[in-house]
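These numbers come from the heavy atoms of this one structure, side chains and all, not from hydrogens, waters or symmetry mates. Throughout, protein chains are lettered first and strands after them, A, B, ... in sequence-line order, and every chain is numbered starting at 1.
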Number of protein chains: 4
Amino acid sequence: MMALLGSSRRNGNTEYLVNEVLEGVDHKEVYLLDHHMNPIIDERHTEQGFGYINDDYEELFFEFMKHDTIIFATPSYWFGMSAQMKIFFDRWSQYMRDDRIDFKEEMRKKQAYVIVIGNKPDPKIAALPLIQQFHYIFDYVGMEFKDYIIGQANKPQEILNDSHALTKAAFWNNQFKQSSHR
Amino acid sequence: MMALLGSSRRNGNTEYLVNEVLEGVDHKEVYLLDHHMNPIIDERHTEQGFGYINDDYEELFFEFMKHDTIIFATPSYWFGMSAQMKIFFDRWSQYMRDDRIDFKEEMRKKQAYVIVIGNKPDPKIAALPLIQQFHYIFDYVGMEFKDYIIGQANKPQEILNDSHALTKAAFWNNQFKQSSHR
Amino acid sequence: MMALLGSSRRNGNTEYLVNEVLEGVDHKEVYLLDHHMNPIIDERHTEQGFGYINDDYEELFFEFMKHDTIIFATPSYWFGMSAQMKIFFDRWSQYMRDDRIDFKEEMRKKQAYVIVIGNKPDPKIAALPLIQQFHYIFDYVGMEFKDYIIGQANKPQEILNDSHALTKAAFWNNQFKQSSHR
Amino acid sequence: MMALLGSSRRNGNTEYLVNEVLEGVDHKEVYLLDHHMNPIIDERHTEQGFGYINDDYEELFFEFMKHDTIIFATPSYWFGMSAQMKIFFDRWSQYMRDDRIDFKEEMRKKQAYVIVIGNKPDPKIAALPLIQQFHYIFDYVGMEFKDYIIGQANKPQEILNDSHALTKAAFWNNQFKQSSHR
């Protein structure tokens, strides 16, 4: 179990909900904020192809590859995932072509959960294109898109008012606890 | 007239289409690739608020503010805009709160055009969440979303096979030439 | 409180969920199935305009106009609302132009809840265009789109396996009971 | 080649665009308006299953089954296809279970084109959920979704102002003429 947090600040509502979901569940938490990752430079059509990039991405990517269940948690920034999280996906394009791994084979073993926190306009509607984007991403690589939570909050702690999001987080938490005990 | 290119390589199909659209039209072209921009660090809820970030963004942003017509051109990376372009939008959150400018007032004067180039699955469908995201962004700040082109291409020059995209690019070009002569 | 059911059969999962939501809540339930409604004939651009249509719609429409909270409940048929329910909306176009009522003024007082039941592919994703359509409809007439439930079920009673949908239904039920006691 | 028109009036913009697309192309045109079709009654889970319905649908359906290229043309009514056209799709659910035909096998041979005419808000954005719905429908049955045109018009003849739609219609017309001459 791995949680990837795309927030650009600590102690936010996204983090709060991730903690609810994973309370008592053994997991690896990664704050993308803490890792230096450059946007991708597309070398697909160059002679030399992709080369080694000197930043924190590769280590993060191989950590990610170890886990079967991934929680992608991001605030809705401008109706999309944070740029930090987008870098994480964009860089996949290099590893799809990396002989050291069987990218698609590994991806097909994974299950994805998504947490998106938005504010206004109502993210129950305005975050739907982002949910659809996640669907396309997971479908493309063969990951199973298990479920998503769209929470509504702005200031720190406001997520406590979104009882639907909290209920669903508790539900996931319960499922994760049960499956880890098997 | 300004063209913002989100591609992560030169000489691609996105660039080709932008050149078709702007051939003979006076404009400023900005390759986000050439500019060092950090992802946003959210300081909205801190005491000190946002501070100065030492990268190329602010100069770029003030250049952007000078133009009334903006062409946002991005390849579809993982069914979204490139992280480079996403950084450009995410950083707006700082300038919405910047006393030196009237962000929303300025934005309302602008017109947005979007060019997205995707490959598979068919971007006429798979890029629609991205188009919807652009719509939400522009609607939120009051920019008019004039039109979009979704092109299909992968390898360099493949856009030459997408006659719909080329026709629409020629149509825009014609409109831009006419309006600049007025 | 009014529940409009778009199902084309009795005792289905959509009905089950509506009953959960409205258990103990005073409401008017309308099964569109029981009412003969013709598809609209567009007379907007004819000289005579819309005229009286001899079917059950007008009575239904004026009943609908009496209620402030409406639950639109439909199975997902071919990734949209049922044709029965679509007729209900299409016929609005006549009443927008009806001097006997102030259509938009009345609509602005209403709150909409949506229940959609789908099966495969996963309606949490595949029903999102339908949710977006409801959003556009309500936004256009100024109704507030309060919330939606997307349930997954096929055969009768299968909704009992969708604990998220049931939980949310219970939550709505609780809210409706409380507000009716005020 | 078959054109299915979902409009609820003659001589509208949808019809105009269909005529542009099919000018000089051998085809069968069906106005759903002219055919009496009842909304589906779901008998999937009853003992007797679906039975014969005494209306014009079956004849229409078997005509539809004869053609390999289908143009689905509908005005955007309340951000969706017309109820008339929705009935056409909803009734498929019966024929998927009809032993006289191999529904999915036949569908996989077909190519679909979609024409949607909307007005306000801008259908380039507001019709996207409907385009996504068509995508889900065609994908579900294995039809190829070749292309779509979203036109903007309200009053009769207004489509003449939408040069993008007209250009694309002319482009399709050219393709259809060429392929029918092979």
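- At a cut-off of 3.5 Å, with distance as the only test, no side-chain donor of H135(A) or D122(C) sits close to an acceptor on the other residue.
- Applying the 6.0 Å contact sphere to NZ of K104(A) captures more than 12 heavy atoms from other residues, nucleotides or ligands.
- Applying the 6.0 Å contact sphere to CD of E47(A) captures no more than 12 heavy atoms from other residues, nucleotides or ligands.
- A 6.0 Å sphere centred on CZ of F171(C) holds more than 12 heavy atoms belonging to other residues, nucleotides or ligands.
- For the atom pair K124(A) NZ and Y148(C) OH, the distance stands at 7.0 Å (nearest 0.5 Å).
- D26(C) CG: 12 or fewer foreign heavy atoms inside a 6.0 Å radius.
- Expressed to the nearest 0.5 Å, how far CD of Q132(C) lies from CD of Q132(A) amounts to 4.5 Å.
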Can K168(C) and T167(A) be said to form a side chain to side chain contact (heavy atoms under 4.5 Å, CB included), step by step? CA-CA 9 Å; K168(C) 206 162 178 178; T167(A) 303; over 6 Å; no
